[in-house]
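For the single chain, residues carry numbers from 1 onward in sequence order. Counting starts at 1 for both ligands and their atoms, following the listed order. All heavy atoms count here, side chains included; hydrogens, waters and symmetry mates do not.
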Amino acid sequence: MIDFNVAPFTGKETEYMQQAIANGKLCGDGPFTKKCSQWMKEHFESQHCLLTTSCTHALEMAAYLCDIQPGDEVIMPAYTFVSTADAFVLRGAKIVFVDINPKTMNLDENLIEEAITEKTRAIVPVHYAGVACAMDEIMAIARKHNLLVVEDAAQGVNAWYKGKALGTIGDFGCYSFHETKNYTMGEGGALLFQEDKYQEKAEILREKGTDRSKFFRGQVDKYTWVDYGSSYLPSDLNAAYLYAQLELFKEINDKRMAIWNLYNEAFASLEEKHLVERPFVPDYAVHNAHMYYLKLKNLETRTAFIRYMKENGVQCVFHYIPLHTATAGQKFGRFHGEDRYTTRESERLVRLPMYYNLDLAQAEQVAELVLKFPGYQEI
Ligand SMILES: *Cc1c(COP(=O)(O)O)cnc(C)c1O
C-alpha cells in the first residue's frame, strides 16, 4: 500500500533530539527553538518569527494581535482548513467567505472589495498547495480600506511570491509544521511579522501573559503577569526535530519537487485529452511542491477514481469540504456573492501521494496507475 502521507524523516532528527535531551532543556524557548526561529528569520527575511505549538495557534495569536472584537468581519475563502476560521471565531468575529479562483483554488482577489463592509477588519489569504495568492492586489485593497492581512501560509513554507517568502508579505504570516506539511516537528507552527510594534504583545501572549521573554533577555529583574496570555510555545524536543529538517530544507524541497514534476509531466497527455486538469502555478509564484492534485470531471468520477486507486494499493484523498456548507460555517459565517467555484471545484479535486520519503519508483507506479484509470470522463 502506498500511503497518501508519511511524516518526513531525514535521519538527522534523532541526533538533534538526543542533543536536546542532553541539553537538559525540554521546555520552550531552548537552544533549538532559537535556532529554528533564527534560521527562518534569515532564510525568509522576516523581522520576527516565533515558533508556536501549531499553525492553528499562530493564527489565534494573529487574530488576537489584530485586536479582533466581537462582531468584526474577516474575509477569507471557504475552501480552507477549519483553523483559518476558528482562530477568528474565537475572538467573536463573523467570517465572510468569498469565492475562489478555480485555476489556483486561492481566494479570488477580484471579489474581496465588494465583500468589505464598515465592520471588516482583516483579510486572510490562504496559499493553497504552497502556490501564492495575488499578494500585490490583496495588499493594495487592504491598505486602501485600512484592513490587516493575515497570511495562512500553513502550506507555504519555503514558497515565494515575486521573490518574497510567503508569510512575510502581510501583517502576519502563519506556518504549519504538522506532520502532513513539508517540514515538520509533529505538531508545530510559527508566527511571522515585520513590525516591531507587535513584538512585546506577541511575546507576552505566547508566554502566559507574562513578560518572561524580557526576563530571559535580562531586561527586567523578575517576570510577572502583565496582560492576557496563553501558552503557545513548543517543547525544545520538537524544535530539535524541526531544526534537522530546516537544515536539510534544500534536499527535502528537491525531492518533493522531483515527485511533483514526475506527476506533472506524466499527466500532460491526460490534460491534452481533457480528462484531467493539472495544477496551475502563476508566473509570479515559486511553489514548494506541497501538494499534487488533479481535477476530474465531477464528484462521481472522483469517487470512482479514489476507489480504483485504493483497490490498486494507492491511497488518494480529497480535500476541504467548503466551510460555508458546514454547521459551524453557517453559524459563524456567511458566503458573500455566488458560490460559482468553491463547491464545484472542491468536489472534483483529488490529491496524490506526496511526501519526502516516497521513492521516485513508487511515484512512477502511482503515475502509471493514474494513466490507466478506465473511468475518465471528458471535462
Ligand atoms: C495544516 C493547515 C492548518 C493547520 O495547521 P496546524 O499546524 O495543524 O494547526 C491551517 N491552515 C491550513 C491551510 C493548513 O493546511
Side-chain angles (χ1 to χ4, degrees), residues 4-5 7-8 33 36 40 49-64 74-90 95 97-98 100-101 104-107 122-133 135 138 149-159 166-167 170 172-192 206 230-235 238-239 241-242 245-246 256 279 285 287-293 317-324 326 328-329 333 342 345-346 349 351 354-355:
F4 168 70
N5 180 64
T33 304
C36 287
M40 285 189 271
C49 174
L50 294 172
L51 207 61
T52 61
T53 28
S54 64
C55 180
T56 303
H57 282 166
L59 287 161
E60 282 182 16
M61 288 181 71
Y64 176 78
V74 177
I75 296 172
M76 65 178 68
Y79 188 68
T80 184
F81 189 58
V82 290
S83 299
T84 321
D86 266 334
F88 292 89
V89 167
L90 190 62
I95 310 299
F97 299 111
V98 294
I100 53 169
N101 175 339
T104 55
M105 303 300 284
N106 286 334
L107 94 169
I123 307 170
V124 189
V126 179
H127 304 293
Y128 189 69
V131 174
C133 297
M135 289 309 292
I138 293 170
V149 173
V150 177
E151 296 177 71
D152 182 337
Q155 303 174 16
V157 181
N158 194 33
L166 302 190
F172 298 96
C174 303
Y175 287 166
S176 174
F177 301 116
H178 185 262
E179 71 164 32
T180 51
K181 301 304 198 299
N182 291 29
Y183 310 95
T184 193
M185 53 198 280
E187 299 274 357
L191 175 70
L192 283 69
R206 182 167 166 275
S230 187
S231 184
Y232 291 125
L233 64 173
S235 161
N238 296 52
Y241 195 102
L242 178 65
Q245 305 224 331
L246 293 179
R256 296 187 76 104
H287 74 103
N288 58 359
H290 172 64
M291 184 192 302
Y292 195 90
Y293 66 78
V317 296
F318 56 86
H319 211 182
Y320 306 128
I321 310 285
L323 297 184
H324 67 297
T342 302
E345 299 299 302
S346 69
L349 181 146
R351 297 179 292 157
M354 162 63 79
Y355 49 89

Enquirer: Which heavy atom of Ala62 sits nearest a heavy atom of Val150, and at what distance?
Expert: CB-CG1, 3.8 Å
Enquirer: Among all residues two or more places apart in sequence or in another chain, which pass the side chain to side chain contact (heavy atoms under 4.5 Å, CB included) test with Glu187?
Expert: His178
Enquirer: Can you tell me which residue and heavy atom of the protein come closest to atom 15 (O) of ligand 1, and the distance to 0.1 Å?
Expert: Gln155 NE2, 2.9 Å
Enquirer: Provide the closest heavy-atom pair for Gln245 versus Tyr183 in the form atom of the first, atom of the second, distance.
Expert: OE1-CA, 3.5 Å
Enquirer: Considering only heavy atoms, which of Phe177, Tyr79, Tyr320, Phe81 lies nearest to atom 4 (C) of ligand 1?
Expert: Phe81
Enquirer: Find all atoms of ligand 1 within a distance of less than 4.0 Å from any non-hydrogen atom belonging to Lys181, and give their numbers and elements.
Expert: 1 (C), 2 (C), 14 (C), 15 (O)
Enquirer: Go through ligand 1 atom by atom and flag the ones less than 4.0 Å from a non-hydrogen atom of Ser54.
Expert: 7 (O), 9 (O)
Enquirer: Of the listed options (Glu179, His178, Glu60, Met185), which comes nearest to atom 8 (O) of ligand 1 when hydrogens are ignored and any heavy atom counts?
Expert: His178
Enquirer: Can you confirm whether Tyr128 sits close enough to Leu349 that some side-chain heavy atom of one is under 4.5 Å from a side-chain heavy atom of the other?
Expert: yes
Enquirer: Quick one: does Asp152 get an N or O within less than 3.5 Å of an N or O on ligand 1?
Expert: yes
Enquirer: Minimum heavy-atom separation for Ser176 and Lys181, please, with both atom names.
Expert: OG-CG, 3.5 Å
Enquirer: Out of all atoms in ligand 1, which are within 4.0 Å of some heavy atom of Cys55? Include the element for each.
Expert: 4 (C), 5 (O), 6 (P), 7 (O), 9 (O)
Enquirer: Do Glu151 and Met135 come close enough that some side-chain heavy atom pair is under 4.5 Å?
Expert: yes
Enquirer: What atoms of ligand 1 come closer than 4.0 angstrom to any heavy atom of Thr56?
Expert: 4 (C), 6 (P), 9 (O)
Enquirer: With heavy-atom distances below 4.0 Å as the criterion, list the atoms of ligand 1 near Val126.
Expert: 13 (C)
Enquirer: Identify, for atom 14 (C) of ligand 1, the protein heavy atom at the shortest distance, and state residue, atom and that distance.
Expert: Ala154 CB, 3.3 Å
Enquirer: Could you check Leu191, Val149, Leu192 and say which one makes a side-chain contact (heavy atoms from CB on, under 4.5 Å) with Phe172?
Expert: Leu191
Enquirer: As an exercise, identify every atom of ligand 1 less than 4.0 angstrom from a heavy atom of Gly188.
Expert: 7 (O)
Enquirer: Which heavy atom of Asn5 sits nearest to which heavy atom of Tyr355, and what is that distance?
Expert: CA-CD2, 3.6 Å
